[in-house]
Amino acid sequence: MGIHGLQKLINDHAPGAITETEMKNLFNRKIAIDATMSLYQFLIAVRIGGEGQPAAANLTDESGETTSHLQGLFHRTIRMINNGVKPCYVFDGKPPDLKAEELAKRAAKREEAEKNGKEATEAGDTETIAKFAKRTVKVTRKHTEEAKRLLTLMGVPVVDSPTEAEAQCARMAKEGLVYGAGSEDMDSLTFGASVLIRHLTFSEARKMPIKEINLSVVLEQLGLDMNQFTDMCILLGCDYADSIKGIGPVRAFDLIKKHGSLEEIIKNLDSTKYPIPESFDYVRVRQLFKEPDTLPASQIDLKWKDPDEEGLIEFLVKEKGFAEDRVKSGIEKLKKSRGTSVQNRLDSYFGAPVKRKLEEPKKEKGKGAKKAKTGGKAAASPVKKGAGKKK
DNA sequence: ACTCTGCATCAAGACGTA
DNA sequence: ATAATTGATGCAGAGT
DNA sequence: TACGTCC
């Protein structure tokens with residue numbers, strides 16, 4: 001569930017922290033991506049049939065094993081590398097204990113959904129069945145292992161997070177190992193990601209722009225330090241604690257501005273109007289956000305290598321039944337992109353991504369590229385007035 | 001009048017060709 | 001046994 | 001850009 005309403009709050013109170021961009025402007029940027037989330041998307045979206053058809057089915061290999069996740073991952077990753085982006089995928093470990101309660105709630109909800117799904121099956125309601133199928137998608141260990149194998153063959157680095165992938169991505173950004181965390185989950189900011197990149201994947205052919213959210217500007221424009229921001233996020237509602245009933249985005253922001261910390265807020269809160277929930281262990285939650293169980297950057301070695309051509313053919317074509325010419329053309333793109341990436345880095349032709357501020361009018365002329373360091377330095381300083389648009 | 005809850009609903013990828 | 005999304009948006013209804 | 005197809 002991320003942080004409840006955080007995106008909207010940032011839109012309203014820290015619009016300058018958001019810049020819109022497109023993928024090619026992320027040239028040479030290392031980006032940490034939550035792999036499990038991506039696999040979900042592919043398993044849900046890469047289907048055939050469904051619309052008035054018998055049932056929505058995944059793509060499969062000869063023996064009926066799902067290949068949707070591999071199809072999606074292969075092409076998406078190529079697309080990113082083709083644009084000069086250097087993705088690395090971070091896989092989930094065990095969820096933290098604090099999440100147990102939240103997970104139990106979801107389990108209950110799921111049970112409910114399954115009941116409804118069964119009823120639909122009995123009624124032969126194909127539309128509802130298809131909807132239900134999307135809710136029962138699971139990312140299995142097998143999916144995960146196959147995804148890792150594919151990425152490794154493609155020469156793309158893979159990271160195993162001890163706990164939440166989101167937290168690991170955030171730390172990698174925070175410590176400068178990557179430029180940002182590519183995610184839809186606003187938790188990333190609470191975990192300290194210097195830059196959060198949303199909608200990284202469904203832009204390009206689509207009309208949705210990529211949005212970069214810069215944490216230091218968020219803090220600056222909200223007028224909060226990181227501790228206060230974290231406390232506010234807990235108030236807004238996160239995966240790790242119940243929130244206080246009656247406190248939404250407006251009052252949460254007010255309260256943190258007024259009192260500065262959860263301790264002070266609770267001290268001054270009318271507990272008859274706003275009872276503190278039983279399991280409101282905000283001290284531990286705060287600690288979890290501040291120091292999640294993740295690997296430090298010093299223990300992670302990110303290397304983008306040439307693709308293993310034979311390995312990819314063996315895996316995708318021989319084992320998974322992919323069309324050989326498609327796989328080969330994908331490999332060609334990978335090889336080609338790697339070459340230009342290295343060359344352009346030497347030229348340092350591109351500096352910082354050309355961005356445009358969210359509130360600026362759409363039509364704008366002139367280009368203004370700014371200089372910035374290459375390769376994986378997190379943007380520690382606030383974004384200035386860098387206007388400029390594609391041509 | 002504003003704020004929040006709770007509920008419902010919805011959509012969720014990418015390629016190549018025409 | 002081995003998996004348990006999510007965010008956005010819209011609405012009615014109630015609390016402040 | 002729309003649409004059938006990817007496996």
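Naming convention: chains lettered A, B, ... in sequence-line order (proteins, then strands); numbering from 1 in each chain.
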Practice task
May I ask you to say what A:Ile247 touches in the nucleic acid, namely base, sugar-phosphate or nothing, with a heavy-atom cut-off under 4.0 Å?
Solution key: sugar-phosphate
Exercise for the section: Between B:dC15, C:dA3, C:dT16, spot the one nearest the side chain of A:Tyr274, thanks. Expected result: C:dT16
Completion exercise
Which of B:dG13, D:dC7, C:dG7 is nearest the side chain of A:Thr60? It is D:dC7
Exercise for the section: Whole angstrom is fine here: how far is it from CE in A:Met208 over to P in B:dA14? Expected result: 12 Å
Exercise for the section: Report the nucleotide, chosen from C:dT6, C:dA8, B:dA14, that has the shortest atom-to-atom distance to any side-chain atom of A:Arg198. Expected result: C:dA8
Exercise for the section: Tell me which nucleotide among D:dC6, B:dA12, B:dT5 gets nearest to the side chain of A:Arg326. Expected result: D:dC6
Fill in the blank from the handout: Of A:Glu166, A:Arg171, A:Gln168, the one forming a side chain to side chain donor-acceptor pair (under 3.5 Å) with A:Thr294 is A:Arg171
Completion exercise
Per atom distances to the A:Lys138 side chain, the nearest of D:dC7, C:dT6, C:dA3 is C:dA3
Exercise for the section: Would you please classify the geometry between the A:Phe253 ring and the A:His13 ring as parallel, tilted or perpendicular, with 30° and 60° separating the classes? Expected result: tilted
Practice task
Mind calculating the distance between CD (A:Glu184) and P (C:dT9) to the nearest angstrom?
Solution key: 13 Å
Fill in the blank from the handout: Out of C:dA8, B:dA14, C:dA3, minimum distance to the side chain of A:Gln7 belongs to C:dA8
Completion exercise
Side-chain contact check for A:Arg251: nearest option of B:dT3, C:dA3, B:dG16 is B:dT3
Practice task
Using heavy atoms to find the nearest nucleotide of DNA chain B for A:His75 and A:Gly246 separately, return the residue whose nucleotide is more 5′.
Solution key: A:Gly246
Practice task
Just compare B:dT5, B:dA14, B:dG13 and give me whichever is closest to any side-chain atom of A:Val46.
Solution key: B:dG13
Exercise for the section: May I have the distance from A:Phe253 (atom CZ) to B:dC4 (atom C1'), rounded to whole angstrom? Expected result: 18 Å
Practice task
Would you tell me whether A:Ser261 and A:Asp231 have side-chain atoms, one donor and one acceptor, within less than 3.5 Å of each other?
Solution key: no
Fill in the blank from the handout: A:Glu166 CD to C:dG7 C1', in whole Å, measures 13 Å
Problem - Nearest-neighbour nucleotide for the A:Arg76 side chain, C:dA8, B:dC4, B:dG13 considered - result: B:dG13
Fill in the blank from the handout: By nearest-heavy-atom nucleotide on DNA chain B, the more 5' of A:Val250 and A:Gly72 is A:Val250
Practice task
Considering only atom C1', compute the distance from B:dG16 to C:dA3 and round it to an integer number of Å.
Solution key: 35 Å
Exercise for the section: Of all the heavy-atom pairs spanning A:Phe191 and A:Leu288, show the shortest one and how long it is. Expected result: CE2-O, 3.7 Å
Completion exercise
Here the distance between atom P of D:dT5 and atom CZ of A:Phe322, to the nearest Å, is 18 Å
Completion exercise
Quick note, A:Leu59 side chain, CB onward, closest among B:dC15, B:dG6, D:dC7 is D:dC7
Exercise for the section: Name the nucleic acid region contacted by A:Lys8, choosing base, sugar-phosphate or nothing; use a 4.0 angstrom heavy-atom cut-off, strictly under. Expected result: nothing
Handout entry: Worked check of side-chain contact (heavy atoms from CB on, under 4.5 Å) between A:Glu184 and A:Met37
Key = CA-CA 9 Å; A:Glu184 302 310 309; A:Met37 219 63 253; over 6 Å; no
Handout entry: Pair of N/O donor and acceptor under 3.5 Å linking D:dC6 base with A:Gln71 side chain
Key = yes
Handout entry: Spacing between A:Ile213 atom CD1 and C:dG7 atom P, to the nearest angstrom
Key = 12 Å
Handout entry: Between B:dC15 (P) and A:Leu334 (CG): distance, integer Å
Key = 12 Å
Handout entry: B:dA12 versus D:dC3 - spacing of their P atoms, nearest Å
Key = 15 Å
Practice task
Starting at atom CG of A:Leu39, determine the distance to atom C1' of C:dT6, rounded to an integer number of angstrom.
Solution key: 16 Å
Exercise for the section: Flag yes if more than 12 heavy atoms outside A:Lys257 fall under 6.0 Å of its NZ atom; otherwise flag no. Expected result: yes
